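Reviewing the structure listed below.
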Amino acid sequence: MENQMYHYATVSKALEELSKKGFTTDFNIQEDKIINSPEDFTIEHVYRYEGESDPGDEATVFGISSSSGEKGIFVAGLSAFTENSAAMALNELFIRGRQQENK
(Lines give C-alpha, C1' and ligand atoms only; values in the text may rest on other atoms or scores of the structure.)
Protein backbone atom coordinates (compact mmCIF):
# COMPACT_ATOMS: atom_id res chain seq x y z
CA MET A 1 0.00 0.00 0.00
CA GLU A 2 1.25 3.46 -0.85
CA ASN A 3 2.21 5.72 2.05
CA GLN A 4 0.00 8.78 2.12
CA MET A 5 1.05 12.07 3.62
CA TYR A 6 -1.63 14.48 4.78
CA HIS A 7 -1.49 18.03 6.02
CA TYR A 8 -3.97 19.10 8.68
CA ALA A 9 -4.04 22.37 10.60
CA THR A 10 -3.37 20.67 13.95
CA VAL A 11 -2.31 17.35 15.40
CA SER A 12 -5.74 16.96 17.00
CA LYS A 13 -7.38 17.35 13.56
CA ALA A 14 -5.10 14.63 12.18
CA LEU A 15 -6.02 12.33 15.07
CA GLU A 16 -9.72 13.03 14.51
CA GLU A 17 -9.48 12.24 10.78
CA LEU A 18 -7.47 9.07 11.35
CA SER A 19 -9.98 7.93 13.98
CA LYS A 20 -12.76 8.34 11.40
CA LYS A 21 -10.73 6.07 9.10
CA GLY A 22 -10.61 3.35 11.78
CA PHE A 23 -7.21 4.11 13.30
CA THR A 24 -8.29 3.82 16.93
CA THR A 25 -5.53 1.91 18.77
CA ASP A 26 -3.05 4.06 20.68
CA PHE A 27 0.29 2.53 19.71
CA ASN A 28 2.13 5.01 21.93
CA ILE A 29 1.32 2.70 24.84
CA GLN A 30 2.68 -0.26 22.87
CA GLU A 31 6.05 1.20 21.88
CA ASP A 32 7.89 -2.01 22.78
CA LYS A 33 5.96 -3.92 20.11
CA ILE A 34 7.08 -1.43 17.47
CA ILE A 35 10.69 -1.36 18.68
CA ASN A 36 10.99 -5.15 18.91
CA SER A 37 9.07 -6.07 15.74
CA PRO A 38 8.87 -3.11 13.34
CA GLU A 39 8.37 -5.53 10.44
CA ASP A 40 4.92 -6.36 11.92
CA PHE A 41 3.70 -2.83 11.13
CA THR A 42 2.74 -1.01 7.97
CA ILE A 43 2.59 2.76 7.76
CA GLU A 44 -0.51 3.81 5.90
CA HIS A 45 -0.65 7.52 6.65
CA VAL A 46 1.86 10.10 7.84
CA TYR A 47 1.13 13.59 9.05
CA ARG A 48 3.89 16.03 9.94
CA TYR A 49 3.11 19.13 11.91
CA GLU A 50 5.68 21.88 12.19
CA GLY A 51 5.23 24.45 14.90
CA GLU A 52 5.09 27.95 13.44
CA SER A 53 7.27 29.58 16.06
CA ASP A 54 8.79 26.82 18.18
CA PRO A 55 10.61 23.82 16.67
CA GLY A 56 9.76 21.98 19.89
CA ASP A 57 6.15 21.95 18.71
CA GLU A 58 7.00 19.67 15.79
CA ALA A 59 5.19 16.34 15.73
CA THR A 60 4.66 13.41 13.39
CA VAL A 61 1.45 11.39 13.46
CA PHE A 62 1.66 7.90 11.98
CA GLY A 63 -1.45 5.97 10.95
CA ILE A 64 -0.25 2.37 11.15
CA SER A 65 -1.64 -1.12 10.91
CA SER A 66 -0.25 -4.24 12.50
CA SER A 67 0.09 -7.68 10.95
CA SER A 68 -2.71 -8.78 13.31
CA GLY A 69 -5.08 -6.26 11.68
CA GLU A 70 -5.03 -3.61 14.39
CA LYS A 71 -5.17 -0.04 13.09
CA GLY A 72 -4.00 2.85 15.19
CA ILE A 73 -1.89 5.92 15.64
CA PHE A 74 1.53 6.75 16.96
CA VAL A 75 2.34 10.37 17.76
CA ALA A 76 6.00 11.36 17.97
CA GLY A 77 7.31 14.71 19.07
CA LEU A 78 10.66 15.94 17.80
CA SER A 79 12.43 14.58 20.89
CA ALA A 80 11.00 11.07 20.29
CA PHE A 81 13.31 10.43 17.34
CA THR A 82 16.17 8.89 19.28
CA GLU A 83 18.16 5.77 18.53
CA ASN A 84 16.23 2.55 19.29
CA SER A 85 12.92 4.39 19.68
CA ALA A 86 9.55 3.43 18.23
CA ALA A 87 9.44 6.77 16.40
CA MET A 88 12.76 6.05 14.71
CA ALA A 89 11.67 2.52 13.76
CA LEU A 90 8.49 3.90 12.16
CA ASN A 91 10.39 6.65 10.40
CA GLU A 92 12.78 4.06 8.93
CA LEU A 93 9.80 1.97 7.76
CA PHE A 94 8.34 5.05 6.11
CA ILE A 95 11.61 5.86 4.33
CA ARG A 96 11.97 2.26 3.11
CA GLY A 97 8.40 2.34 1.84
CA ARG A 98 9.09 5.54 -0.09
CA GLN A 99 12.26 4.07 -1.60
CA GLN A 100 10.39 0.95 -2.72
CA GLU A 101 7.67 3.10 -4.34
CA ASN A 102 10.32 4.94 -6.36
CA LYS A 103 11.88 1.75 -7.78
Side-chain angles (χ1 to χ4, degrees):
M1 172 174 259
E2 180 179 323
N3 294 325
Q4 296 184 19
M5 186 171 293
Y6 293 95
H7 298 281
Y8 297 111
T10 64
V11 170
S12 59
K13 183 67 175 170
L15 295 175
E16 178 184 321
E17 291 299 316
L18 286 169
S19 179
K20 288 179 187 177
K21 295 174 190 274
F23 293 83
T24 55
T25 299
D26 181 356
F27 283 113
N28 283 80
I29 59 175
Q30 300 180 35
E31 279 189 80
D32 288 345
K33 283 185 180 180
I34 296 169
I35 293 168
N36 296 326
S37 302
E39 67 280 355
D40 289 345
F41 295 89
T42 302
I43 298 171
E44 297 189 28
H45 304 280
V46 176
Y47 163 73
R48 295 187 195 277
Y49 177 73
E50 296 179 8
E52 290 182 24
S53 60
D54 183 358
D57 290 340
E58 291 181 15
T60 303
V61 178
F62 294 95
I64 58 178
S65 59
S66 71
S67 58
S68 65
E70 244 181 324
K71 291 171 64 173
I73 52 101
F74 185 89
V75 180
L78 184 62
S79 62
F81 289 90
T82 59
E83 190 174 347
N84 297 323
S85 69
M88 189 58 76
L90 291 172
N91 196 53
E92 288 171 6
L93 279 175
F94 177 70
I95 290 168
R96 272 186 290 200
R98 298 291 261 200
Q99 289 171 340
Q100 290 173 352
E101 286 175 24
N102 294 327
K103 286 186 178 180

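Values in this document were obtained by computation on a predicted structure and should not be read as measured data. Quick note: residue numbers are just sequence positions, from 1.
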With Ser12 via side-chain hydrogen bond (donor to acceptor under 3.5 Å, both in side chains) - residues at least two apart: Thr10
Residues forming a side-chain hydrogen bond (donor to acceptor under 3.5 Å, both in side chains) with Ser68, sequence neighbours excluded: Ser66
Tyr47 vs Leu15 side-chain heavy atoms within contact, under 4.5 Å: no
Test salt bridge (Lys or Arg N to Asp or Glu O under 4.0 Å) applied to Glu70 - qualifying residues, sequence neighbours left out: none
Could you give the side-chain donor-acceptor pairs of residues 32-41 under 3.5 Å, partners two or more places apart or in another chain?
residue, atom, partner, partner atom, Å
Lys33, NZ, Gln30, OE1, 3.0
Asn36, ND2, Asp32, O, 3.0

Mutual orientation of the aromatic rings belonging to Phe74 and Phe62 [parallel < 30°, tilted 30-60°, perpendicular > 60°]: tilted
Pairwise distance CG(Asp26) to CD1(Ile73) - rounded to 0.5 angstrom: 5.0 Å
Leu18/Val61 under side-chain contact (heavy atoms from CB on, under 4.5 Å): CA gap, chis, key distance, verdict: CA-CA 9 Å; Leu18 286 169; Val61 178; 3.6 Å; yes
Test log, rule salt bridge (charged side-chain N to carboxylate O under 4.0 Å, His left out), inputs Lys21 and Glu17: CA-CA 7 Å; Lys21 295 174 190 274; Glu17 291 299 316; 5.7 Å; no
Lys71 NZ to Thr25 OG1 distance, which is reported to the nearest 0.5 Å: 10.5 Å
Inter-residue atom distance Thr60.OG1 - Asn91.CG, 0.5 Å rounding: 7.0 Å
